[in-house]
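Okay, structure first, notes after.
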Amino acid sequence: FDKILIANRGEIACRVIKTCKKMGIKTVAVHSDVDSSAVHVKMADEAVCVGPAPTSKSYLNMDAIMNAIKQTGAQAVHPGYGFLSENKEFAKRLEAEGVTFIGPDTHAIQAMGDKIESKLIAKAAKVNTIPGFDGVVKDAEEAVKIAGEIGYPVMIKASAGGGGKGMRIAWNDEETREGFRFSSQEAASSFGDDRLLIEKFIDNPRHIEIQVLADKHGNALWLNERECSIQRRNQKVVEEAPSTFLDPDTRRAMGEQAVSLAKAVKYSSAGTVEFLVDTKKNFYFLEMNTRLQVEHPITECITGLDLVQQMILIAKGYKLQQKQSDIPINGWAIESRVYAEDPYKSFGLPSIGRLSQYQEPLDLPNVRVDSGIQEGSDISIYYDPMISKLVTYGKTREEALKKMEEALDNYVIRGVTHNIPLLREIIVHPRFVSGDISTKFLPEVYPDGFKGHMLTAGERRELLATAAALYVAVEIDGEKVEVSGEWNLASALLPITINGKHRNLQCLLRTAAGEITLQYLGTSFKLRVLSKLAAYLRKHMPEKIPEDTSSILRSPMPGSVVAVSVKPGDNVAEGQEICVIEAMKMQNSMTAAKTAKVKSVHCKAGDTVGEGDLLVELE
């Protein structure tokens, strides 16, 4: 190919452009009007605007993208992940125009994209599958009947779904009815397809996937596994390759089943077969993603292959150059997904804003950062809130984890709330370090939600000493001071030595009133350094009375109101749904914190709301 159009945005568009440049292929970026100065647009050789901000009018707008292809003369299209990457209509339209789709053919996309059909094909190919109902569920009552037959708990999920959208777990009839309603609404808004299916929910599983690579000549390989069990709301947060749990026999069995499924649908390109693995190492086929996965970099680290390059070569008709015996597991790689999210709200509700300061920890060896943003970029409500994928690599898992700690401490992100505090806690948690994980890791380790790093007595002393030293540094000469280690107060990072231990802190805020906010061990702490007199006088200052949160409902994140189910004068019960807010394509049900009467309603369906906006007041 001389020219490839990338039908995507953000980090994955940048990732594909990097490989195209390496191969000497010209690139075309597409973008919405709000993305006109995005990094992927600047990196590409040409760029075409395909519509306004909402995805349905831009990145999912097939007519506009087909026009961009004609206008630029691109011979092939790489769809990245999400958007049109698993859309068989798009692949068909490209084929009709004689443009190569860098991915599998439409038959494989259709067969694997439909969770019902894919399960039947998997069964026929002798792949282990989860017990469940293989048809389309008509309505909520039929859902309840099927759930009763399979036995609770059950998973209700969108047939065309993915990315944790349109999925609900139900433990009883009532939850099945509610799950059916929410899942079909989310599925309709995310995929334009509200068909659902129901299957047995495997409790406490691991989520382990196998990367496959197949060419158009019948050759297929499995490129080992990725452990993706650390998730929140069915979306992955930390991934690693290989998995601590698999022995060579289980790995081979999973790899061989993944390849036999790929061959059953005449698959060609990179693809991923996802499995649920229970505590006894039984594994069950979950789904096949007929595209490049978000977490592909960790596989590249341990195998040495460039998966985007392989996809391009395969699409052009080249044969695979490797045999199964050529695929190594070299070392260990870990990926942390860095999101513009508030980890203190259900492990991560989207946050928006502008990156006022941004520095990736690329001066460290064996660190890879796949990002599509830069200092000054906006994180908007229209798209996925991912900032980057931070990948570290080591000869051993221990080495890769140590490197990840260091990389997270050296990563500077200001202007948006981010999930580094959570990532930093996960990778040092004893359960994670020992490999004792399942998809329930986050709710089990933090049953009351994530609260940040809990300081030991020694750590508390380190933190206070640093704050005091910082405060004094300002007082003395405003530039530099020897505490231990030289500090440049203009730098975002504070590399210091405390009691002979090297630490990297970040100073997020420093005021003349002695307020200092430090990021320490990933979590940001608010500290106050006061003179003795000021500390004494502070005792007499009136405290601000916190707002009674049980009688007012504020929006926990920016988004749009989908539905309001109450009006002034209504009586609501504790836990009753008051309204539904959609942000970043996820629907969130807002409920009453107590039984009361509705005093006033400050929003209506279709409104755009910001974080902290008042929605409803109760008496």
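In terms of heavy-atom proximity, Ile302 sits nearest to Ala241 at CG2-O, 3.6 Å. Shown here for Ala170 and Ile156, the closest heavy-atom pair between the two residues is CB-CD1, 4.3 Å. Closest approach of Arg232 to Gly348, counting heavy atoms only: NE-O, 4.1 Å.
Distance check: Ile4 CD1 to Ile69 CD1 gives 12.0 Å after rounding to the nearest 0.5 Å. For the atom pair CD1 of Ile298 and CD of Glu335, the computed distance is 6.0 Å after rounding to the nearest 0.5 Å. Atom CD1 in Ile387 sits 5.0 Å away from atom CD1 in Ile379 (nearest 0.5 Å). The CG atom of Leu213 lies 9.0 Å from the OG1 atom of Thr303; values are rounded to the nearest 0.5 Å. The distance from atom NE2 of His207 to atom CG of Leu286, rounded to the nearest 0.5 Å, is 6.0 Å. Between atom CD1 of residue Ile17 and atom NZ of residue Lys42 there is a gap of 12.5 Å, rounded to the nearest 0.5 Å.
Between the Gln309 side chain and the Thr19 main chain, no donor and acceptor come within less than 3.5 Å of each other. Formation of a donor-acceptor pair under 3.5 Å by the Arg233 side chain with backbone atoms of Ser346 is found in this model. In this structure a side-chain-to-backbone donor-acceptor pair under 3.5 Å is missing from Thr439 to Ser229. Under the 3.5 Å distance criterion, the side-chain polar atoms of Ser555 are matched with a main-chain donor or acceptor of Met557. Asn419 places no side-chain N or O within donor-acceptor distance of the main-chain N or O of Val237, the cut-off being under 3.5 Å. A distance-only check finds a donor-acceptor pair linking the side chain of Lys119 to the backbone of Ile130 [under 3.5 Å]. Under a 3.5 Å cut-off, the side chain of Glu86 and the backbone N or O of Thr290 do form a donor-acceptor pair. A donor-acceptor contact shorter than 3.5 Å links the side chain of Asp105 to the backbone of Ala108. Within the 3.5 Å criterion, the main-chain N or O of Asn219 finds no donor-acceptor partner in the side chain of His217. Glu117 places no side-chain N or O within 3.5 Å of a backbone atom of Met112 that could act as its donor or acceptor partner.
When the shell of 6.0 Å around NZ of Lys18 is examined, it contains more than 12 heavy atoms from other residues, nucleotides or ligands. Within 6.0 Å of atom CZ in Phe83, more than 12 heavy atoms from other residues, nucleotides or ligands are found, so the atom counts as buried in its surroundings. No more than 12 heavy-atom neighbours from other residues, nucleotides or ligands sit within 6.0 angstrom of NZ on Lys319. The environment of Lys57 atom NZ is sparse: at most 12 non-hydrogen atoms of other residues, nucleotides or ligands sit within 6.0 angstrom. By the 6.0 Å contact criterion, CD on Gln321 is open, its count of non-hydrogen atoms from other residues, nucleotides or ligands being 12 or less.
Counting heavy atoms from C-beta outward, Val77 and Val99 have side chains that approach closer than 4.5 Å. Looking at Val564 and Cys603, their side chains come closer than 4.5 Å, going by heavy atoms from C-beta outward. Leu5 has its side chain within reach of Val30: a pair of non-hydrogen atoms, C-beta onward, lies under 4.5 Å apart. No side-chain heavy atom of Thr129 sits less than 4.5 Å from a side-chain heavy atom of Tyr284. A heavy-atom distance below 4.5 Å is found between the side chains of Gln587 and Phe182. Contact check for Pro242 versus Asn224: no side-chain heavy atoms found under the 4.5 Å cut-off. Using a 4.5 Å heavy-atom cutoff, the side chains of Leu261 and Phe285 are in contact. Using a 4.5 Å heavy-atom threshold, the side chains of Tyr152 and Thr176 count as touching.
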Working for side chain to side chain donor-acceptor pair (under 3.5 Å), residues Tyr382 and Asp35: CA-CA 10 Å; Tyr382 299 107; Asp35 269 346; over 6 Å; no
Walk me through it: do Glu11 and Lys389 pass the test salt bridge (Lys or Arg N to Asp or Glu O under 4.0 Å)? CA-CA 8 Å; Glu11 70 86 11; Lys389 303 181 312 205; 2.9 Å; yes
Run the numbers on Ile314 and Leu320 for side chain to side chain contact (heavy atoms under 4.5 Å, CB included), then give the verdict. CA-CA 7 Å; Ile314 289 166; Leu320 283 173; 4.0 Å; yes
Steps toward side chain to side chain contact (heavy atoms under 4.5 Å, CB included) verdict (Glu582, Asn588): CA-CA 6 Å; Glu582 186 171 298; Asn588 300 276; over 6 Å; no
Residues Lys26, Glu46; criterion salt bridge (Lys or Arg N to Asp or Glu O under 4.0 Å); working and verdict: CA-CA 8 Å; Lys26 284 198 162 57; Glu46 293 172 71; over 6 Å; no
Kindly determine whether Val294 and Ile12 satisfy side chain to side chain contact (heavy atoms under 4.5 Å, CB included), including the steps that lead there. CA-CA 8 Å; Val294 175; Ile12 194 61; over 6 Å; no
Set out, in order, the CA-CA distance, both residues' side-chain angles and the distance that settles side chain to side chain donor-acceptor pair (under 3.5 Å) for Asn67 and Gln71, then state yes or no. CA-CA 6 Å; Asn67 284 338; Gln71 191 186 320; over 6 Å; no
Test Asp114 against Lys88 for salt bridge (Lys or Arg N to Asp or Glu O under 4.0 Å), laying out the working first. CA-CA 11 Å; Asp114 190 304; Lys88 58 181 188 293; over 6 Å; no
Starting from the C-alpha separation in whole Å, work towards a yes-or-no answer on side chain to side chain contact (heavy atoms under 4.5 Å, CB included) for Val137 and Asp139. CA-CA 6 Å; Val137 185; Asp139 54 36; 6.0 Å; no
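Donor-acceptor pairing under 3.5 Å is recorded for the side chains of Arg226 and Thr299. At a cut-off of 3.5 Å, with distance as the only test, a side-chain donor of Glu360 or Ser371 sits close to an acceptor on the other residue.
For Asp384, the side-chain contact (heavy atoms from CB on, under 4.5 Å) partners at least two apart in sequence or on another chain are Tyr339, Met386.
Contact check on Arg337 versus Glu295 returns a salt bridge, with a Lys/Arg side-chain nitrogen under 4.0 Å from an Asp/Glu carboxylate oxygen. Under the 4.0 Å criterion applied to side-chain N and carboxylate O atoms, Arg206 and Glu225 are not assigned as salt-bridge partners. One finds a salt bridge joining Glu300 and Arg15 here, because a Lys/Arg side-chain nitrogen approaches an Asp/Glu carboxylate oxygen to under 4.0 Å. With salt bridges taken as basic N to acidic carboxylate O contacts below 4.0 Å, none links Arg251 and Glu256. Under the 4.0 Å criterion applied to side-chain N and carboxylate O atoms, Glu199 and Lys157 are assigned as salt-bridge partners. Taking 4.0 Å as the cut-off between side-chain N and carboxylate O, Glu209 and Lys236 count as a salt-bridged pair. Between Arg354 and Asp378 there is a salt bridge, since a side-chain N of the basic residue sits under 4.0 Å from a carboxylate O of the acidic one. Under 4.0 Å is where a charged nitrogen must lie from a carboxylate oxygen, and between Arg181 and Glu577 at least one such pair does.
The cationic group of Arg9 lies under 6.0 Å from the six-membered ring centre of Tyr383 and within 45° of the ring axis, placing it in a cation-pi geometry. Annotation: cation-pi pair Lys316/Phe1 present, NZ/CZ under 6.0 Å from the ring centroid and within 45° of its normal.
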